[in-house]
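Structure first, then comments.
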Amino acid sequence: MRADLVPDDLRERVAPLLPPAPERRRRHPGRLRVPDVYVLRTGVAWRDVPAETVGCSGVTAWRRLRDWDWTEAGVWPHLHAALPAELSRSDSLDLDDRAVDGSHVRALKGGITSAPRPSTAPAPAPGTRHHLIVDRHGTPLAVTLTGGNRHDATQLPPLLDAVPPIRGLRGRPRRKPRRLYADRGYDFDKYRRLL
């Protein structure tokens with residue numbers, strides 16, 4: 001195995017969260033299926049995936065991703081619940097201090113993703129806005145996506161509510177931080193009182 005593949009210990013943790021492999025056909029079963037957990041970190045194009053390293057061609061890897069909708073199978077929520085709990089058990093997650101921020105992603109090829117606005121408001125910003133909350137070490141806890149013209153402060157309550165209860169230690173799972181760090185865009189008395 002090359003070093004730029006997913007480490008074995010992470011692969012073993014993620015494997016139970018993946019959807020079960022479809023059964024092989026009895027008649028004309030084809031080649032043996034390559035495990036689904038081989039994931040490259042290099043960002044290589046599908047046609048350039050090294051088949052001798054991964055165990056299948058790039059087209060096969062692309063087809064597998066296309067045929068299995070991991071979102072519909074619920075892989076991502078399970079993974080997002082399992083990994084923070086493991087970090088919490090190993091004392092690698094600090095939930096006392098959290099930071100929040102948003103970033104605008106422009107829509108370069110047209111299309112506007114924006115929130116409803118009054119007719120007197122300025123034209124909507126084309127694109128989307130990502131709102132993120134992380135723990136003290138920068139581990140993502142929740143992400144929300146809104147239209148490009150939404151103000152960061154308005155998305156603070158939904159973002160805090162999006163943080164799932166993180167298990168891993170004894171007692172009730174903590175949802176709210178003791179201290180929240182944010183830039184001036186969040187500095188409003190209304191949201192200070194809310195916190």
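Below, each value reflects all heavy atoms present in this structure, side chains not excepted, and no hydrogens, waters or symmetry copies.
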Apply side-chain contact (heavy atoms from CB on, under 4.5 Å) to residues Val105 and His130 and explain how you reach the verdict. CA-CA 8 Å; Val105 180; His130 298 121; 3.2 Å; yes
What's the verdict on side-chain contact (heavy atoms from CB on, under 4.5 Å) for Tyr191 and Thr154, showing C-alpha distance, side-chain angles and the deciding distance? CA-CA 9 Å; Tyr191 297 106; Thr154 63; 3.9 Å; yes
Apply side chain to side chain donor-acceptor pair (under 3.5 Å) to residues Thr146 and His131 and explain how you reach the verdict. CA-CA 8 Å; Thr146 61; His131 307 274; 2.8 Å; yes
Before giving the answer on side-chain contact (heavy atoms from CB on, under 4.5 Å), spell out for Leu160 and Leu194 the whole-Å C-alpha distance, their side-chain angles and the decisive distance to 0.1 Å. CA-CA 11 Å; Leu160 287 171; Leu194 181 75; 5.8 Å; no
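Linking ILVMFWY side-chain heavy atoms closer than 4.5 Å, directly or via other members, places Leu180 and Ile166 in a single hydrophobic cluster. Hydrophobic cluster membership differs between Leu132 and Leu156, with clusters built from Ile, Leu, Val, Met, Phe, Trp and Tyr side chains linked at under 4.5 angstrom.
Between the side chain of Asp135 and the backbone N or O of Asp94, at least one donor-acceptor pair lies under 3.5 Å.
In this structure, Phe188 has its ring center under 6.0 Å from that of His151.
The CD atom of Gln155 sits 13.0 Å away from atom CD1 of Ile133, with the distance rounded to the nearest 0.5 Å. Taking CG from Leu95 and CG from Leu141, the interatomic distance works out to 6.5 Å, rounded to the nearest 0.5 Å. To the nearest 0.5 angstrom, Arg136 atom CZ is 12.5 Å from Arg98 atom CZ.
At a threshold of 4.5 Å between non-hydrogen side-chain atoms, the residues Val100 and Asp183 do not count as touching. In this structure, the side chains of Pro84 and Thr139 stay at 4.5 Å or more apart for every pair of heavy atoms.
Thr144 approaches Ala162 most closely through the heavy-atom pair CG2-CB, 4.2 Å. In terms of heavy atoms, Leu159 sits closest to Ala142 at CD1-O, 3.9 Å.
Using a cutoff of 4.0 Å between basic side-chain nitrogens and carboxylate oxygens, Asp97 and Arg179 are scored as salt-bridged.
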